[in-house]
Amino acid sequence: MKNKKLILILAGMVTLLLGPGAGHLIIKEWKRAVFFIALAFSLFIILASIFINSVGIEFLESVKGFQNINQFRSIYESFQEENQNTMLMFNILFAGVWASSIVDLFKIIKNKEFMEEKEEK
């Protein structure tokens, strides 16, 4: 029982630190891990495409490299100010994916414990 609690804590912490789906990898729930990772990655790609369409690819190419990181930071901050509703929507969606990943993780482990208790009886 202690090992299961330790695995639960480890999987939850990994998910909190690394992102949705990471804890599912620890408990070997591969399909769910891929689902949550793909969902989070999809949200990131959609936001990145909105950002690139907003500022233009040519402008991003001009700030390539770490020499112009401050210039990129100012571009991104202005993008955030101009697209506050979009950023809020993506923050809420990403937080929802993250939270549902953690809830799903706890449900899986609870169901596994229930099934093992049932088999013991």
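For the numbers below, each heavy atom of this structure counts, side chains included, while hydrogens, waters and symmetry mates do not.
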Linking I/L/V/M/F/W/Y whenever any side-chain heavy atoms sit under 4.5 Å apart, do [X] and [Y] land together?
| X | Y | answer |
| --- | --- | --- |
| M13 | F106 | yes |
| I37 | F90 | no |
| L16 | L93 | yes |
| V34 | I27 | no |
| L18 | F41 | no |

Roughly how far, to the nearest 0.5 Å, is [atom2] of [Y] from [atom1] of [X]?
| X | Y | atom1 | atom2 | result |
| --- | --- | --- | --- | --- |
| L39 | F94 | CG | CZ | 9.0 Å |
| D104 | F35 | CG | CZ | 9.0 Å |
| Q80 | I75 | CD | CD1 | 12.5 Å |
| I45 | I50 | CD1 | CD1 | 11.5 Å |
| F51 | M87 | CZ | CE | 9.5 Å |
| E29 | L105 | CD | CG | 9.0 Å |

Would you say that [X] contacts [Y] through its side chain, given a criterion of any heavy-atom pair below 4.5 Å between the two side chains?
| X | Y | value |
| --- | --- | --- |
| K110 | L8 | no |
| L47 | L43 | no |
| W98 | F36 | no |
| L10 | I26 | yes |
| W30 | K28 | yes |

I'd like to know if the side chain of [X] and the backbone of [Y] have a donor-acceptor N/O pair within less than 3.5 Å.
| X | Y | answer |
| --- | --- | --- |
| S100 | G96 | yes |
| S42 | A38 | yes |
| T15 | P20 | no |

Write down the atom of V14, the atom of G23, and the distance for their closest heavy-atom approach.
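The pair with the smallest heavy-atom distance is CG1-N, 4.1 Å.
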Is the CG atom of N85 crowded by more than 12 outside heavy atoms at less than 6.0 Å?
no
